Amino acid sequence: MLFSSYIFILFFLPIVLSGYFALGKLKNREWSCAWMVVASLFFYGWWNEKYLFLILGSVIVNYSVGEFIRVLVNQEKKSKLILIIGIIANLGVLAYFKYTNFLIANIHELTGVSFTLQHIILPIGLSFFTFEQIAYLVDTYRGKVKHYHFLDYCYFVTFFPRLIAGPIIRHNEVLTQIERKNMHQPNIDNLAIGFSIFFIGLFKKVIMADSLAAIADPIFQTVAQGHDVTFLMSWLGALAYTAQLYFDFSGYSDMAIGLARIFGIVLPLNFNSPYKSTCIIDFWRNWNISLSRFLRDYLYLPLGGNRKGHIRRYVNLVITMLLGGLWHGANWTFVMWGGLHGFYLLINHFWRSYGYPHFNNEVPEKTTYRVISWLVTFIAVVIGWVFFRADTFSSAFLLLKAMVNLHSPVELTHVIMLNYAIVGLSFSVVFILPNIHQLFADFKPTLDGENIIMNTKNLIWRLNLAWCIWKPSLSWGLSLGLLFIIATLTLSHPSIFIYYDF
Amino acid sequence: MKFLIAGIEILKTNLSMNTSIKNYLLLLLGFPLIIFILIAIFNYTIDPYMLWHEKPIWFDKTKNPIIDSNQRLIKSLQLVLRQPKIIFLGSSLVYHVINPAGSDEKIYNLGVGSLRSAEAYGYVKEAVSWTPVTKIYLALDLFAFGSEQKMPGYDDEVSGAKYLVNQFASALIGKSTINDSLNILLGKNAEYNDGTWQFNGYKLTPKRNLAEVNDGIKQNEILFKKIFPKTSIDYINQNLKNIEKIMTVCEAHHVELVLYFNPINYRLLQVYKNSGVWDNFMQLKTGLQAMAYKHNVTLWDFATYSSITTYPFVNENEIKRNPYYLDTDHPTELVGNYVMQQMGVPLKKPLSIPRDFGVRLNQREA
């Protein structure tokens, strides 16, 4: 089920919300939890009921494995063995559904041996709930997990606001909130903030992202068919997709954060104006933060992180980014995208180690330097998205070639100018308007964003921008209500979120 | 002026002033809710898709081409709302021809322009899932067996709850419905004159003139060549699989299926020959007969040379005089009544049908 659909907004959400709080009032917390689990499974099964067995099986097996590890926590070898089996089982399921055909196609490409391609449909959300449960098992092995009730664990894994496309959450972030005794009681602050954030996310997805998709898609389809595009068109396509992806995914994340808040759960930060970053390191601190955090804690650091010298650190970075790319999809273009970002990070770290001292560590504060850094970072990210969006290398290179072909004919038609205006307007929203963490800075919209919120508050105080920060006023109520109305009127043909495919 | 400025100031102050979180929440949810209710009342009243009212307020004032351009969507919604016992499913040779008003049975005309066999399968699934239908008459012609490509506006999810909930909600509060309602309200469709859609799915259509008839013949010749490339006789077999799937669905839901070939006239049969699709037509007939026999499904053939289908139809006078055809493609309501009665649908006023019109095919003929 899509958040941006009538069935969700007009039926599912009101019914689930009413049932959740009614059961909490009439019965107890456990009833509310059970209701939420059933509702989340219904939400998941709405897409394809066959895969309900998969998610239920995954929850039961991982909980059981976790319990085994917890019981055997003092028996290092046994618990480690069970952990390894658990991780292999999780990755095995993920690999089967996500990478079987990719593997078969590549073996055929390399050896010429033909296998029959399987008709395998990737279960929606599999990559996300698999990662979350691997993290749970690893933390259990590390002794960081206390005993949780099975129902609470089900709630944690299946919680519908973030089941399909994240943010990837950790057990300790959410399970502690689920266990709160008053969790099932309605809180008017949470409802007001949650719905406000949800409406903003819905608008970002339905109005902004989908409009930008209508500009980007035909251009990427043209190059996919092997046709050339002009310099202006190529940049239009790349920039439109850059903005589309941001509004699509951050819109989804906002909706997830808002919905969770309605039910009294605060989710972690997932986007923090990544396109304002002045270096790639910052970009990855602000883009899909929950995934970056997972890759850092459960891949980069176990590989050795930066503890084993510069060379090893760079190798670890590239490996992490390559696998991060592959996680996004079974296609070499994703691996290329990941590798490209690994390379960017490598250069960025190299520059920090050897470039900054050369300028006596003073240059980075200068405005000119910051503007140039931002521009270089932004262009590097846009180039990366070309590989991310393109289906094949040939179409990616065709578009990139057009992006540097300054001699291509300039056709400034009304349509192109209008589309550039739309893209420009979208980026002005990205660069000028506050993100939801800044907008709701006084109301702790997400977990672990204290530094950001503190910086935001300082900025607001310095620039006297208090007027643009959300508060429960008539103007905010009417404005956000209006955004919701505009978005809802255009839901006749809801499009799926880009990250649903991952 | 001073009052105006003062008023704006007061409004500005009130708007930006903090309110209680409870009032804020009421406003945040209540404001959109009121707007949605108002929009729904507006769209329900205007009813641009003829979903809710037998004779909407615009009826008789405009011919409503909105339904023409959204037939696939609108008819799928009408089908669920009408809850018919009998359905006539087919192309424009159904919606121009079969008028359920001729019978006392609860019949719905599910004719949509250039219906493809794959689409027919989707609509049959929708009908057996969401209506109390007991009998489906599926009208066939060569168009339905053309390329696999489905027509714009058709959705593969047509029989699913997701589709229906979404589309019904959209029909009440969707942006496109608001546009269509406004267009009707402003009388933008008043000039359109290609017939009048009825509540039962039938379209009351005026007769064509000579130029329109001749133009139709030319277009058909081009169309047949386009949708039936000479190398692609396999289309027939691919599409027959869809008909077999329809048979299976009907069997599973204990719905009686009756197939029939539309009563196309001699001039269109001539177009089949001229366009080189005659063999396809014959292959379709024999393939369908064998399949109908296998699944114990009744099959009628009205696409034969009979006194009705061969009634002279060449010059302007003949076209005006011909009681059986609107143009070379489409029979009149009278022929539709003949077809219904011949296949056992009781009419309010039984007709005397020419004896050579329509033949029930069985295995021997196959």
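In what follows, chains are A, B, ... by sequence order, proteins preceding strands, each numbered from 1. Please read all numbers here as calculations on a predicted model, not as lab measurements.
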Of the listed B/Leu26, B/Ile39, B/Ile178, B/Val165, the one with the largest count of heavy-atom pairs under 4.5 Å with chain A is B/Val165
At what distance, to the nearest 0.5 angstrom, does CG of B/Leu27 lie from OG of A/Ser475? 9.5 Å
Please check if the number of heavy atoms outside B/Lys175 that lie under 6.0 Å from its NZ is greater than 12. no
Drop me the distance from B/Asn166's CG to A/Phe8's CZ, to the nearest 0.5 angstrom. 13.5 Å
One pair to check against side-chain contact (heavy atoms from CB on, under 4.5 Å): B/Leu28 and A/Phe484. What are the steps and the verdict? CA-CA 9 Å; B/Leu28 186 72; A/Phe484 177 57; over 6 Å; no
Which bit of A/Ser196 is near chain B, if near means a heavy-atom gap under 4.5 Å: side chain, backbone, both or neither? both
For residues B/Phe31 and A/Leu482, report the shortest heavy-atom separation together with the two atoms involved. CE2-N, 3.8 Å
Would you indicate whether the side-chain heavy atoms of B/Tyr24 and A/Leu474 approach each other to under 4.5 Å? no
Counting heavy-atom pairs under 4.5 Å with chain B, the top scorer among A/Ile486, A/Ile193, A/Asp189 is A/Asp189
Non-hydrogen atoms of B/Leu25 and A/Phe195 that approach each other most closely: CD1-CD1, 4.2 Å
Trace of the side-chain contact (heavy atoms from CB on, under 4.5 Å) decision for A/Thr488 with B/Ile173: CA-CA 8 Å; A/Thr488 307; B/Ile173 59 169; 4.3 Å; yes
Let's go through B/Leu29 and A/Phe199 carefully: what are the C-alpha distance in whole Å and the side-chain angles of both, what is the deciding distance for side-chain contact (heavy atoms from CB on, under 4.5 Å) to 0.1 Å, and is it a yes or a no? CA-CA 10 Å; B/Leu29 301 180; A/Phe199 290 175; 3.9 Å; yes
For A/Leu10, which atoms come within 4.5 Å of any heavy atom of chain B: side chain, backbone, both, or neither? side chain
Name the member of B/Ile35, B/Asp155, B/Thr177 that forms the most heavy-atom pairs with chain A at distances under 4.5 Å. B/Ile35
Part of B/Phe36 lying under 4.5 Å from any heavy atom of chain A: side chain
Rounded to the nearest 0.5 Å, how far apart are CD1 of B/Ile21 and CD1 of A/Ile188? 7.5 Å
Backbone N/O of A/Trp46 and side chain of B/Lys162: donor-acceptor pair under 3.5 Å: yes
